[in-house]
J.: 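Quick one: the structure is below, questions incoming.
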Amino acid sequence: MPDSGTCSVPADQRVGALLHAVADMAAEYLDHTDDPQTPVTLNPPPSAVYQRVPLVLDGQAVALDELLEHARELMALSVRTGSANFSNQLFSGFDPIAIVGEWIAATINASMYTYEVAPAMTLVEREVIARMGRAAGWDKAEGLFTPGGSLANLMAMLLARQQMFPDVKSKGLGDASPVVFASGEAHYCIERAAVILGLGTRAVVQVPADGFGRMRVDALEHEIAKARARGGLPMMVVATSGTTVLGAYDPIDAIADIAAREKIWLHVDGAYGGSALLSRRRRPLMAGIERADSMTWCAHKMLNVPLSASVILVRQPGLLHQCNAVHAEYLYHADNDAPDLDTGEMSIQCGRRVDALKVWLAWKARGDNGMERLVERKFELASEMRRLVRERERFELLGDPDPVGGGCNTCFVYHHPSLDGLEPAARLRAIDAGTHVLRERVRLRGRVMTNYAPVYGVRAFRHVSANDKATEAELALILDEIEAVGQGLDLRPLASAARL
Ligand SMILES: Cc1ncc(COP(=O)(O)O)c(C=O)c1O
């Protein structure tokens, strides 16, 4: 119980003042984030966070002013993912209008299961889904916002399973052994979805990718034939539009030919790169999308909307309901005014957040042209980054996507001077381990934050052009930082690292 005398819950008349104070705090935070001199991260160890903020919920009520100070500290200790120097994940930047959408959604606190409790927001969601569906060339698309791209991909797998095994909801899978095909570059959530569905990871066949990270269609045909020969039932193929590491786009049209011939559900995981559909110049990367059965698309990745804003889109209406409804009469009353507008039974959730509003507001504010410019800018920045990498003597670009129409990632390694003269295998081992060492040093300096990932088995830097506010200065700073932290280091001992 709160101590008497301290008031942690604001009285009605204080709500306005509180929210104004928070608005000022948020504005100050974002202004700072926009300043390229502000460190991206303070890299606080847990002890520092505990030292600066009394995190333990010790039962004491805390006065509002003090509480706001704690919130301010927590913000200061957070990574500035909106900074133009943050290229560590597939999202960065921010859209103030979309942030407002998040606030409003929390303020009204609707739950998206029934129309009666979320009338306006249900229609907002319908419109956003319809617009995204039209971008994919699907006039009657249906869909839902989900808590993240991973969950959207899980729902796609559920749809594929439902199509192949119409009785699965009542009878389960029995002895059937469905098989899912995705490239070796696909996101790990595809495997995890197979785990959640009880199919097991071995149900997911990793189809080899080409030198640009795109699924090899000949290999897909080969793997399907192999699966059939051993009694497996090809159920789903996942084409990725914008792979997590290389940013590659699988050839949807050619994959669709095979999926149609083999009668396999075709899902496009456009969680990251699906926004290419909004740029006339980049849309060809997803040629054939109109033939897919479902698609995942996250607005929180390339469209600057706060997490999460993910969508599962389905070309044929009715399937989500067929797949997920189990008829809970106490919530979904058949005699509702508008039962067809209840989305709850299409979902695998019950209560559901209003994630559509922030996307709707952002889209309304920018219009189609603004959305296109936003997406296009990110692709342009990625090309710019690759040019900078190519120009620097000691940097080497990997899986360069420019010849085939690039995505938004730039993967590269740094040939540290201390490795000159090493024989090739030893050099590769040292580069692999050295990437980790250099990246950690860069991260700890806090000026920029960019990640690393294995590229064809070797750890490499992965830069994501996720922030449209970045300029050549921010892009160059990443390379400068890597060179700077490497100065005076001897990475040769890393050649004996046993990882490769
Ligand atoms: C290609 C791809 N699919 C799915 C996901 C999962 O999205 P989320 O993090 O929103 O669950 C990611 C995340 O990076 C991704 O890159």
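None of the values given here were measured: they were computed from a predicted structure. Just follow the structure's listing: the first ligand is 1, and inside any ligand the first atom is 1.
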J.: Please list all pairs passing the side chain to side chain donor-acceptor pair (under 3.5 Å) test where one or both residues lie in residues 311-321, with sequence neighbours left out.
T.: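 Matches after skipping sequence neighbours: D293-R315.
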J.: Between R291 and D257, is the closest basic N to carboxylate O distance under 4.0 Å?
T.: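 Looking at R291 together with D257, the answer is yes, because their closest N to O distance falls below 4.0 Å.
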J.: Is the gap between the ring centers of Y414 and F395 under 6.0 Å?
T.: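 Yes.
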J.: Could you tell me whether D95 and K358 have a side-chain N and a carboxylate O separated by less than 4.0 Å?
T.: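 Salt bridge absent between D95 and K358.
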J.: So does R261 have more than 12 non-hydrogen atoms from other groups sitting under 6.0 Å from CZ?
T.: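 Yes, CZ of R261 has more than 12 neighbouring heavy atoms, counting only those of other groups under 6.0 Å.
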J.: What are the atom names and distances for all N or O pairs under 3.5 Å between ligand 1 and the protein?
T.:
from: ligand 1; atom 1: 3 (N); to: D269; atom 2: OD1; distance (Å): 3.3
from: ligand 1; atom 1: 3 (N); to: D269; atom 2: OD2; distance (Å): 2.7
from: ligand 1; atom 1: 7 (O); to: K301; atom 2: NZ; distance (Å): 2.9
from: ligand 1; atom 1: 10 (O); to: G149; atom 2: N; distance (Å): 2.7
from: ligand 1; atom 1: 10 (O); to: H300; atom 2: NE2; distance (Å): 3.3
from: ligand 1; atom 1: 10 (O); to: K301; atom 2: NZ; distance (Å): 2.9
from: ligand 1; atom 1: 11 (O); to: G149; atom 2: N; distance (Å): 3.2
from: ligand 1; atom 1: 11 (O); to: S150; atom 2: N; distance (Å): 2.9
from: ligand 1; atom 1: 11 (O); to: S150; atom 2: OG; distance (Å): 2.7
from: ligand 1; atom 1: 16 (O); to: T244; atom 2: OG1; distance (Å): 2.8

J.: Charged N to carboxylate O under 4.0 angstrom, D402 versus R387?
T.: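 Salt bridge flag = no for R387 with D402.
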